[in-house]
Amino acid sequence: MNDTTLLGGWVRRFLMEHLVGERNLARNTQQSYRDTLRLLLPFVARSTRKGVDRLTVLDLSAEQVRLFLRELEETRGCSVATRNQRVAALHSLARFIGLQSPEHVPWCGEIQSIPFKKAPQKSIGYLDKSEMDALLGAPDRDTAQGRRDYAVLLFLYNTGARADEAAQALIADLHLPLAPTRDSAWVLIRGKGNKERRCPLWNRTVAELASLVRGRSSSEHVFLNRRSESLTRFGVHALVERYAARATVQVPSLQGKRVSPHTIRHTTATHLLRAGVDINTIRAWLGHVSLTTTNIYAEADLEMKAQALATCDVGYATPKASWRKDKGLMQFLQTL
């Protein structure tokens, strides 16, 4: 059997050469594509009654992929978004094989014809100013852990950073001038797709971060856990959820909200929008590639919608007589 017909060799080249060497995708994306294949290959092996190492490219048929996607949703309970991530990985694999192996071009077309499923648009959750203030006030800043937790929450709110971006921030990424009121302070954030952006820091954030990193090596991560190891994104999530539960006692409106690092990110965007910051600046602030992504915040803010509606309110006017009371259709048409 010709080696180019075996799927295993293509998978290894796709993961080790194409994703890393040619496309330089972010580590999280690489792992997502890997996880897709870790689920898919055993599924196809069971269906075809072959060992995983003996699977051919054609064994991974469009029909097998559709059955796999159905199992993801119906048996594993995966969301439409997760299903679409798996489809994107398989489209990329098919494109890679098709470009390298002309005899597999028809197969590539069949795999790439599998469509993404439209996902329901979720409403954007964010915190009001009083709720955000309660969250920031929840840590006990008389303790070392409380001061660190406060710095994490403040950093998330200031920058709109994702949990992973905050966890991966290095001390070397911070630019903290001695006189922040005179010189600009900022942090370099590495986002999705290894894209970098600089985000300005408030004076209060500068003071908290300067105290947190004082005397430490620039190669260390900014936020450490109790064992002096770098805080993980899961640790950031747990931290936010813990203080959200505590803040609920002070602000009952938080009771019905699921507060996560991404909620704080949405809060940053919404508060910037309300403060009059233009949407393109917010796009750069959050690290969005497309302005379309950022526009969801303008769509979501009901308070701004109400204010916009009030500015164009023309008041009440005396209603005209109903067209049903006109003498005839032609006369009605003449009045239009």
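Owing to the predicted nature of the structure, the values given are computational and were not obtained by experimental measurement.
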Transitively linked via ILVMFWY side-chain contacts under 4.5 Å: [X] with [Y]?
{"X": "Leu67", "Y": "Ile111", "value": "yes"}
{"X": "Trp186", "Y": "Ile282", "value": "no"}
{"X": "Leu176", "Y": "Leu170", "value": "no"}
{"X": "Phe68", "Y": "Val80", "value": "no"}
{"X": "Leu60", "Y": "Leu39", "value": "yes"}

Measuring from atom [atom1] of [X] to atom [atom2] of [Y], what distance do you get when rounded to the nearest 0.5 angstrom?
{"X": "Leu212", "Y": "Arg148", "atom1": "CG", "atom2": "CZ", "result": "8.5 Å"}
{"X": "Gln255", "Y": "Ser253", "atom1": "CD", "atom2": "OG", "result": "10.0 Å"}
{"X": "Thr232", "Y": "Leu239", "atom1": "OG1", "atom2": "CG", "result": "10.5 Å"}
{"X": "Ile114", "Y": "Glu63", "atom1": "CD1", "atom2": "CD", "result": "9.0 Å"}
{"X": "Cys78", "Y": "Arg83", "atom1": "SG", "atom2": "CZ", "result": "11.0 Å"}
{"X": "Asn84", "Y": "His91", "atom1": "CG", "atom2": "NE2", "result": "9.5 Å"}

Note, [X] side chain near [Y] side chain (heavy atom, < 4.5 Å):
{"X": "Leu127", "Y": "Leu254", "answer": "yes"}
{"X": "Glu208", "Y": "Arg141", "answer": "yes"}
{"X": "His237", "Y": "Pro261", "answer": "yes"}
{"X": "Thr36", "Y": "Val87", "answer": "no"}
{"X": "Ser61", "Y": "Trp107", "answer": "no"}
{"X": "Pro106", "Y": "His104", "answer": "no"}
{"X": "Leu201", "Y": "His175", "answer": "no"}
{"X": "Glu196", "Y": "Ile189", "answer": "no"}

Do [X] and [Y] have side-chain N/O donor and acceptor atoms under 3.5 Å apart?
{"X": "Glu103", "Y": "Ser101", "value": "yes"}
{"X": "Asp59", "Y": "Thr48", "value": "no"}
{"X": "Thr82", "Y": "Ser79", "value": "yes"}
{"X": "Thr263", "Y": "Ser260", "value": "yes"}
{"X": "Gln168", "Y": "Arg190", "value": "no"}

For the pair His262 and His266, name the ring-plane relationship: parallel under 30°, tilted 30 to 60°, perpendicular over 60°. perpendicular
Just say parallel, tilted or perpendicular for the rings of Trp202 and Tyr157, cut-offs at 30° and 60°. perpendicular
Looking only at heavy atoms, what is the nearest atom pair of [X] and [Y], with distance?
{"X": "Phe116", "Y": "Ala88", "answer": "CE2-N, 3.7 Å"}
{"X": "Val240", "Y": "Leu135", "answer": "O-CD1, 4.2 Å"}
{"X": "Gly160", "Y": "Trp285", "answer": "N-NE1, 4.5 Å"}
{"X": "Cys199", "Y": "Thr159", "answer": "SG-CA, 3.6 Å"}
{"X": "Ala161", "Y": "Arg197", "answer": "CA-NH2, 4.1 Å"}
{"X": "Leu156", "Y": "Ala166", "answer": "CD2-CB, 3.8 Å"}

For Tyr150 together with Tyr243, are the ring centres under 6.0 Å from each other? no
Taking Leu209 as the fixed residue, which of Val222, Leu154, Ile171 is the one that meets the side-chain contact (heavy atoms from CB on, under 4.5 Å) rule? Val222
Pair [X] + [Y], salt bridge at N-O below 4.0 Å:
{"X": "Glu17", "Y": "Arg12", "answer": "no"}
{"X": "Arg13", "Y": "Glu22", "answer": "no"}
{"X": "Glu165", "Y": "Arg233", "answer": "no"}

Counting distance only, does the side-chain N/O of [X] pair as donor-acceptor with the main-chain N or O of [Y] below 3.5 Å?
{"X": "Glu131", "Y": "Asp128", "value": "yes"}
{"X": "Lys257", "Y": "Gly125", "value": "no"}
{"X": "Ser47", "Y": "Phe43", "value": "yes"}

Take Leu93 and His18 through the test side-chain contact (heavy atoms from CB on, under 4.5 Å) and record every step on the way to the result. CA-CA 9 Å; Leu93 173 64; His18 181 63; over 6 Å; no
Do Thr29 and Arg23 pass the side-chain contact (heavy atoms from CB on, under 4.5 Å) test, and can you show the C-alpha distance, the side-chain angles, and the key distance before you say yes or no? CA-CA 11 Å; Thr29 305; Arg23 296 193 61 191; over 6 Å; no
As a quick check of understanding, evaluate salt bridge (charged side-chain N to carboxylate O under 4.0 Å, His left out) for Arg86 and Asp35, giving each step before the final call. CA-CA 9 Å; Arg86 306 308 185 202; Asp35 291 344; 5.3 Å; no
Test side-chain contact (heavy atoms from CB on, under 4.5 Å) on Tyr33 and Leu25 and set out the steps. CA-CA 10 Å; Tyr33 283 18; Leu25 294 182; 4.2 Å; yes
Please report the C-alpha distance between His221 and Val213 in whole Å, then the side-chain angles of each, then the deciding distance to 0.1 Å, and finally whether the side-chain contact (heavy atoms from CB on, under 4.5 Å) criterion is met. CA-CA 9 Å; His221 287 88; Val213 304; over 6 Å; no
Counting neighbours of CD on Gln250 that are heavy atoms of other residues, nucleotides or ligands and sit closer than 6.0 Å, is the number greater than 12? no
